[in-house]
Amino acid sequence: MSAIDQEVAGYYDKLLKRNAGEPEFHQAVAEVLDSLKIVLEKDPHYADYGLIERLCEPERQIIFRVPWMDDNNNIRVNRGFRVQFNSALGPYKGGLRFHPSVNLGVIKFLGFEQIFKNSLTGLPIGGGKGGSDFDPKGKSEGEIMRFCQSFMTELWRHIGEYRDVPAGDIGVGGREIGFLFGQYRRLVNQHESGVLTGKGLTWGGSLARTEATGYGTVYFTNEMLKAKGESLDGARVIVSGSGNVAIYAIAKAQELGATVVGFSDSSGWVETPNGVDVELLRDVKERRRERVTSYVEDATGATYHEDGSIWDLKADVALPCATQNELNADHARTLIANGVRYVAEGANMPSTADAVEVFREAKISFGPGKAANAGGVATSALEMQQNASRDSWSFDYTDERLHKIMSNIFKVAKNTAAEYGREGDYVVGANIAGFTKVADAMLAQGVI
Ligand code: NDP
């Protein structure tokens, strides 16, 4: 074991002991630390002043009780989280997730990833994440509203335009942001539009924010294809999930000439050999708030499956856009055997560490989430710019800025990988480029 290997193993061992029972957080940190070995070899000063230990320790972790009353007048109690991970580059920025699988470790993994992702956007935003183990599925609109109001009744004191700016994530879309913003405005008695992003268009929201993560993932994917002299035109694409990210990844991929051959939800997957009817999918998911089975009932040529996996489909490109660890090493091998040559993560950490290794060994072009799905938070930062200047930009202008940001993230990840002798390894490129900017800011700002 080299001295650097030993040093990094030391950081990781300490992290495991101090953060027991948080496997997703361990996984996210392990990947970044592995990439940093070559940085520390070249520039040992990045380990000065306890920088690595400080980077892995959130600046603040808030856990709170969220009591609310259901439609039958029963009192329910959930747990709320906000992890303010790193504010060296700007106010904490990152979404809120409402899903029964949420716990502190999940929020810490997401907050940790967010630091590097936000750094890669080139915009002045730090990293944070939050959420609750509340399950929005099957809840009435009144229950969702009362939950959001109770959640904000604690969260409001920890956030603010210059402090911490939450947004949506799994289970938190425009409706929930509306309820959260309403309660914030009532509590602080101010219309502080810059406190949340993903807002409605008439009260401070930005055009193109809804589409941004999915569109951005496809812009990044397109750059990966272009780098190998290929294009999405005529390509077959698998998109997992059917939420916000998936819907707009499907829409943009098809706009660029691809055929999306399948999508999914947590119950099953849908095969669409002739492509996806995006308007029907939006109607089912955004307006009717129904399951993907409703899409199959109303579409022609689509079939629903609960056996096997969406990763069994034959395709050229795979875009996992649902949730963490949804694609394992066996899935990765199947994808490669079925012709997939490009994978970009619309979701956060959807590929297990083993799956990433399989892609790496097979020399598949692989875009990690912190680079490929950064378009959502980047457009949130554009929403903050519009709020600060009391302005609102056109869809085309905002989309053009998003497109440029994604192309730039790709370029930075590609060039950084090459600079460190790891040509084509966008995981290493994104981790190092995201890290050095935050690390330089932390070193300049002293031990805090
Ligand atoms: P949504 O809640 O809109 O959609 C989530 C989708 O993923 C649904 O289709 C859901 O299916 C599926 N899903 C959720 N959990 C599971 C699970 N355990 N197993 C299988 N499928 C699951 O969320 P988003 O589209 O906003 O987020 C998707 C991913 O993208 C997440 O990883 C998120 O962190 C990431 N992301 C989101 C951004 C954004 O701007 N929204 C920005 C950057 C990253 P079902 O309906 O059955 O639960």
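Whatever order the structure lists them in is the order used to number ligands and atoms, beginning at 1. On a predicted model such as this, the values are computed, not experimentally measured, just so you know.
Ion pair K199/E383 flagged as a salt bridge, since at least one NZ, NE, NH1 or NH2 atom sits closer than 4.0 Å to an Asp/Glu carboxylate oxygen. Taking 4.0 Å as the cut-off between side-chain N and carboxylate O, D164 and R60 do not count as a salt-bridged pair. Here E57 does not pair with R54 in a salt bridge; the nearest charged N to carboxylate O distance is not below 4.0 Å. Ion pairing of E141 with R175 is present here, as a side-chain N (NZ or NE/NH1/NH2) and a carboxylate O approach within less than 4.0 Å. Between E31 and K370 there is a salt bridge, with a side-chain nitrogen of the basic residue lying less than 4.0 Å from a carboxylate oxygen of the acidic one. No salt bridge links R79 with D133; every basic N to acidic carboxylate O contact stays at or beyond 4.0 Å. For K226 and E230, the salt-bridge test fails: no basic side-chain N is under 4.0 Å from an acidic carboxylate O.
Ranking protein heavy atoms by distance to atom 41 (N) of ligand 1, first place goes to N244 OD1, 3.5 Å. Nearest protein neighbour of atom 37 (C) of ligand 1, counting heavy atoms only, is V245 CG2, 3.4 Å. For atom 44 (C) of ligand 1, the closest heavy atom belonging to the protein is N348 ND2, 3.5 Å. Nearest to atom 27 (O) of ligand 1 among the protein's heavy atoms is I170 CG1, 3.6 Å. Nearest non-hydrogen protein atom to atom 46 (O) of ligand 1 is R291 NH1, 3.4 Å. Summary of contacts: the protein heavy atom closest to atom 12 (C) of ligand 1 is A322 CB, 3.8 Å. The protein heavy-atom contact nearest to atom 18 (N) of ligand 1 is T323 CG2, 3.7 Å. The shortest contact between atom 48 (O) of ligand 1 and any protein heavy atom is with K137 NZ, 2.9 Å.
Not close to ligand 1: Q324, with no non-hydrogen atom less than 4.0 angstrom away. Heavy atoms of H99 approach ligand 1 to within less than 4.0 angstrom.
With ligand atoms numbered from 1 in the order given, ligand 1 contributes 2 (O) to contacts under 4.0 Å with heavy atoms of G171. Below 4.0 Å from some heavy atom of R97 lie the following atoms of ligand 1, by number and element: 31 (C), 32 (O), 33 (C), 34 (O). Listed by number with element, the atoms of ligand 1 under 4.0 Å from a non-hydrogen atom of S266 are 11 (O), 19 (N), 20 (C), 21 (N), 22 (C), 45 (P), 47 (O), 48 (O). Close contacts between ligand 1 and R209 involve ligand atoms 40 (O) [criterion: under 4.0 Å to a heavy atom]. The contact set between ligand 1 and N373, taken as ligand atoms under 4.0 Å from a residue heavy atom, comprises 43 (C), 44 (C). Interface atoms of ligand 1 facing C321, defined by a heavy-atom separation under 4.0 Å, are 28 (C), 29 (C).
Ligand 1 has no nitrogen or oxygen under 3.5 angstrom from a nitrogen or oxygen of K129. Here's the thing with G168: none of its N/O atoms is less than 3.5 angstrom from an N/O atom of ligand 1. Among the atoms of T213, some N or O lies under 3.5 angstrom from an N or O of ligand 1. Note: an N/O pair closer than 3.5 Å links D169 and ligand 1 by distance alone. For K285, no nitrogen or oxygen atom sits less than 3.5 Å from a nitrogen or oxygen atom of ligand 1, counting backbone and side chain alike. Where the criterion is an N or O separation shorter than 3.5 Å, residue side chain and backbone included, G241 fails it with respect to ligand 1. Residue contacts with ligand 1: K117 is placed with no nitrogen or oxygen under 3.5 Å of a nitrogen or oxygen of the ligand (distance criterion only).
Heavy atoms from other residues, nucleotides or ligands lying under 6.0 Å from NZ of K139 number more than 12.
There is a protein heavy atom less than 4.0 angstrom from atom 35 (C) of ligand 1.
Taking all heavy atoms of A374, G243, G95 into account, the minimum distance to atom 8 (C) of ligand 1 is reached by G243.
Here the side chain of T272 pairs no donor or acceptor atom with the backbone of N274 at under 3.5 angstrom.
Q254 and T259 are not linked by any side-chain donor-acceptor pair at a separation below 3.5 angstrom, with hydrogens and angles left out of the test. When only modelled atom types and interatomic distance are considered, S392 and Q386 share no side-chain donor-acceptor pair under 3.5 Å. Judged purely by distance below 3.5 Å, without hydrogens or angles, the side chains of R209 and T197 never pair a donor atom with an acceptor atom. With 3.5 Å as the limit, one finds no donor-acceptor pair spanning the side chains of Q114 and Y92. Under 3.5 Å, the side chains of E306 and S267 contain no donor-acceptor pair of N or O atoms. Between D71 and S140, the side chains place a donor N or O and an acceptor N or O closer than 3.5 Å (distance only, hydrogens not considered).
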